[in-house]
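This structure is a prediction, so every number in the text was calculated from the model and none was measured.
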Amino acid sequence: MNELFEYTTALDGLRFTPEQKTRLAARAAAGAAPCRHSRRSLGRAALIAACLAAALMVGAGAAGVLKPAVDVFAPLFGGSAAQTEIIDKIGYPVGASDTDNGVTVTADAIMGDQYNACIVFTFSRDDGQALLPAGANAKNLLAGGVGGADMNVRGGSHGSSWFVDEDPADSTLQMVQVISSDVPLIGCTATARFHGLFGWDDAAGQSVPLVEGEWAFKFSVNYEDSSVTLGGGETFTQDGICFTINAITLSPVACRVDYTADSAVVWSDAPSGRQSDADRREMERYLENVEILLTRTDGTVLDLSSAGGSISPEGEHTGCVKSLVLDEIVPLDEVESICVGGIVYPLSAS
């Protein structure tokens, strides 16, 4: 690896462990039951404007039925009154779609902050028949091709995706994609591409095709950024490195920490796509070992240290970013503090 190389990692379990994904799927099924929360209906003028915007976008997919963002995200990321109020504020219905081989893929909605985004897609079989063959498990599904949205921005990014299937016998399936970027995302044009759906066969040790089709469409990345910025200039030392925190960006849906190391990361000359033991140790020192703890007002502590990120050589220094989309929406008035490298930042400092 050379000095110009920006090492971007997804990390093992970057976003969710298999157990967390299972829990999210269960939460989604539970969220389908009636619950009390506020909903904001789309005004007629707003709906017309959204449809016109989708129609005018160059290369955009056909606009589908716009689902209120709260209906899309609440079953997945929390449906309390405080959480749905946030979704109403920052969630954005999309409705762009493409159809092939009798199956339609739709980007239902998007939410996020300046550097992070969450998108929910729906796969639906147009004839109403079951989308997946009997016995298929959403936990073993893979999306072919890009397998989601490319934000088309210059800079490093990482993320993950998973499927949620409330009823394996029906004609629909949801895919949730989370993306974290080193550069701002709001205002960009995303391109979604999928090349079939596949299931992982443990016995065969390979993926097998389940749903055939080619889907591609574009949509605008627009939502309200409700993040706050903390820190600037504080230092901490660990693993023989002095780190300076440049900025901590926290929103109800994501966290991002930008910091600089006072030494240059040293990469080995390992073959492309393969990580040597020396490179793994460098990753641990500059990225993985940097602890991020979020404390809620009820005393609950969320360990965000497994966030993915990037390491960028900057001469005699090294620029680092760690970021992730949270498991659930966390209203900022329910956050007591965030701690990075042992330095505690009360949220009131914002």
Side-chain angles (χ1 to χ4, degrees), residues 15-16 18 20-34 54 60-77 79 93-110 118-150 159-179 190-219:
R15 176 59 174 79
F16 298 108
Q20 288 175 311
K21 293 181 183 178
T22 301
R23 189 177 72 249
L24 274 173
R27 183 194 305 166
V65 176
L66 291 178
K67 297 180 181 179
V70 70
D71 289 350
V72 175
F73 289 113
L76 299 167
F77 290 91
V94 179
S97 64
D98 190 22
T99 300
D100 186 36
N101 196 33
V103 174
T104 298
V105 179
T106 304
D108 294 321
I110 185 171
C118 176
I119 310 163
V120 176
F121 297 91
T122 293
F123 291 74
S124 60
R125 183 162 161 169
D126 300 340
D127 62 6
Q129 299 297 308
L131 176 67
L132 299 175
N137 191 328
K139 293 187 295 183
N140 296 328
L141 289 180
L142 304 169
V146 174
D150 181 348
S160 62
S161 62
W162 68 98
F163 288 87
V164 176
D165 193 6
E166 297 179 14
D167 182 359
D170 71 4
S171 62
T172 65
L173 173 76
Q174 284 184 306
M175 190 191 91
V176 184
Q177 181 184 12
V178 293
I179 302 168
T191 303
R193 297 183 185 278
F194 300 89
H195 177 70
L197 289 178
F198 299 80
W200 182 257
D201 187 326
D202 288 327
Q206 62 182 15
S207 60
V208 294
L210 300 178
V211 180
E212 296 183 355
E214 298 274 353
W215 304 276
F217 52 90
K218 296 182 179 181
F219 58 92

P68 and side chain to side chain contact (heavy atoms under 4.5 Å, CB included): which single residue from V72, L66, D71 fits? D71
Going by heavy atoms in the side chains, are [X] and [Y] under 4.5 Å from each other?
| X | Y | value |
| --- | --- | --- |
| D170 | D165 | yes |
| W162 | V178 | yes |
| L210 | P133 | yes |
| L173 | L197 | yes |

When rounded to the nearest 0.5 angstrom, what is the spacing between [atom1] in [X] and [atom2] in [Y]?
| X | Y | atom1 | atom2 | value |
| --- | --- | --- | --- | --- |
| L141 | M175 | CG | CE | 11.0 Å |
| K67 | T122 | NZ | OG1 | 3.5 Å |
| L132 | N137 | CG | CG | 9.5 Å |

Not counting sequence neighbours, which residues clear salt bridge (charged side-chain N to carboxylate O under 4.0 Å, His left out) with R193? List them please. none
Using atom types as modelled and distance alone, determine if a side-chain donor or acceptor of [X] lies under 3.5 Å from a backbone N or O of [Y].
| X | Y | result |
| --- | --- | --- |
| R125 | S171 | no |
| D127 | Q129 | yes |
| D100 | G213 | no |
| D98 | F217 | no |

Could you check I110 against I119 for side-chain contact (heavy atoms from CB on, under 4.5 Å), going step by step and ending with a plain yes or no? CA-CA 5 Å; I110 185 171; I119 310 163; 3.8 Å; yes
Take D150 and T191 through the side-chain hydrogen bond (donor to acceptor under 3.5 Å, both in side chains) test and state the conclusion after the steps. CA-CA 5 Å; D150 181 348; T191 303; over 6 Å; no
Closest contact, heavy atoms only, [X] versus [Y]:
| X | Y | result |
| --- | --- | --- |
| A149 | I179 | O-CD1, 3.8 Å |
| A130 | A169 | CB-O, 3.4 Å |
| G147 | F194 | C-CE2, 3.6 Å |
| A143 | F163 | CB-CZ, 4.1 Å |
| A96 | K218 | CB-O, 3.7 Å |

Acceptor/donor pairs from residues 200-208 side chains to any protein atom, 3.5 angstrom cut, sequence neighbours excluded:
residue : atom : partner : partner atom : Å
W200    : NE1  : D202    : OD1          : 3.2
D201    : OD1  : A203    : N            : 3.0
D201    : OD1  : A204    : N            : 3.0

Angle between ring planes, W215 versus F123, binned at 30° and 60°: parallel, tilted or perpendicular? perpendicular
Taking atom CD of E212 as the centre, does the number of heavy atoms from other residues, nucleotides or ligands within less than 6.0 Å exceed 12? no
Checking P209 now: which residues fulfil side-chain contact (heavy atoms from CB on, under 4.5 Å) with it, not counting sequence neighbours? F198
Dump the intermediate steps for side-chain contact (heavy atoms from CB on, under 4.5 Å) on F73 and C118, then the final yes or no. CA-CA 9 Å; F73 289 113; C118 176; 3.8 Å; yes
